[in-house]
**Q** 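Here it is, the structure, as structure tokens.
Worth saying up front: this structure is predicted, and the values here are computed from it rather than measured. Sequence positions, counted from 1, serve as the residue numbers for this chain.
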Amino acid sequence: MRRGHIAVVAAAGALTMLATVPAHAAEYSSALKIKGVQYDAPGRDSNSCATGNTDEEYLTIKNYSRTATVNLKGYVVRDSTSTNKFTFTKNHTLQPGDYVKLRGGRGTDSDGNNVVYRNNCNFIWNNDKDTIYLYKPSGAHADTHAYTKSANDRDGNGYITYHG
């Protein structure tokens, strides 16, 4: 076999191998993705509904689609243990490029102010490390991110950005 033929055969083999590799990750097949997380609320943690700061812990979910409007109803957010979980039970639509902050504590949900409250005064994210899962209403992954304070929060402000 000549050198030119070997290169063509090798390239064809590499293309065949690439074609059989599955998609990178199921969590990136969704228009909705986790934009960022304030996993450690500023100040001393207090889950008191009256005077606590669980509303300062939030997850930002963004619609990265350029054309599709997405209704959050049925989407699920949970932590690594599934102990802390939130299901969007009401209609809340995100236009292309729009976002919502899912906050702890109690409050009034608002499309205009881009906020949904968990109506739960317990913190959902661990301050040292955790994994954030976002699931579609079908149960399929929409997005997943693991973090550790030491590796991902270099400035120590309790906030980590994903997907820009």
**Q** Compute both the distance and the angle, then confirm whether K73 meets the cation-pi test with F88: under 6.0 Å from the six-membered ring centre, within 45 degrees of the axis.
**A** no

**Q** Please check: side-chain N/O of T131 versus main-chain N/O of A146, any donor-acceptor pairing under 3.5 Å?
**A** no

**Q** Shortest non-hydrogen contact from Q38 to E56?
**A** CG-O, 3.2 Å

**Q** Evaluate the side chain to side chain contact (heavy atoms under 4.5 Å, CB included) criterion for residues L72 and T93: first the C-alpha distance (whole Å), next the side-chain angles of each, then the deciding distance (0.1 Å), finally the verdict.
**A** CA-CA 6 Å; L72 288 170; T93 56; over 6 Å; no

**Q** On a heavy-atom basis, which atom in V115 and which in H92 lie closest, and how many Å separate them?
**A** O-CE1, 4.0 Å

**Q** Students often mix this up, so state it plainly: with edges at 30° and 60°, are the rings of H163 and H145 parallel, tilted or perpendicular?
**A** perpendicular

**Q** How long is the gap from CG on N47 to CG on N53, to the nearest 0.5 Å?
**A** 9.0 Å

**Q** Taking all non-hydrogen atoms of both residues, which atom of D109 and which atom of V116 are closest, and how far apart?
**A** OD1-CA, 3.4 Å

**Q** Looking only at heavy atoms, what is the nearest atom pair of G158 and D153, with distance?
**A** N-OD2, 2.7 Å

**Q** Please report the interatomic distance OG1(T87) to OH(Y75), rounded to the nearest 0.5 Å.
**A** 13.0 Å

**Q** Do any N or O atoms from the side chain of R103 and from the backbone of Y117 form a donor-acceptor pair under 3.5 angstrom?
**A** no

**Q** Can you check whether S65's main-chain N or O pairs, donor with acceptor, with N63's side chain at less than 3.5 Å?
**A** yes

**Q** Is there a path of hydrophobic side-chain contacts, each under 4.5 Å between heavy atoms of I, L, V, M, F, W or Y residues, that connects V70 with I34?
**A** yes

**Q** Can you tell me how far OG1 of T60 sits from NZ of K35, rounded to the nearest 0.5 angstrom?
**A** 6.5 Å

**Q** Would you say F86 ends up clustered with F123 if hydrophobic residues are merged whenever their side chains have heavy atoms under 4.5 Å apart, either directly or through other cluster members?
**A** no

**Q** Please name all residues satisfying side chain to side chain donor-acceptor pair (under 3.5 Å) with S80, sequence neighbours left out, ordered by chain then number.
**A** D130

**Q** Without swapping roles, check the side chain of R118 against the backbone of N122 for a donor-acceptor pair under 3.5 Å.
**A** yes

**Q** For the OH atom of Y58 and the OH atom of Y39, what is their distance to the nearest 0.5 Å?
**A** 12.5 Å

**Q** Other hydrophobic cluster members with V76, side-chain heavy atoms of Ile/Leu/Val/Met/Phe/Trp/Tyr under 4.5 Å, chained?
**A** Y133, Y135

**Q** What's the spacing between D143 CG and I132 CD1 if we round to 0.5 Å?
**A** 9.0 Å

**Q** Which heavy atom of L32 sits nearest a heavy atom of L94, and at what distance?
**A** CD2-CD1, 3.7 Å

**Q** Return the set of residues passing side chain to side chain donor-acceptor pair (under 3.5 Å) with S82 (not counting sequence neighbours), or none when no residue passes.
**A** R78

**Q** Taking all non-hydrogen atoms of both residues, which atom of G97 and which atom of K62 are closest, and how far apart?
**A** O-CE, 3.5 Å

**Q** Just verifying a value: how many Å separate L102 CG and L59 CG, rounded to the nearest 0.5 Å?
**A** 6.0 Å

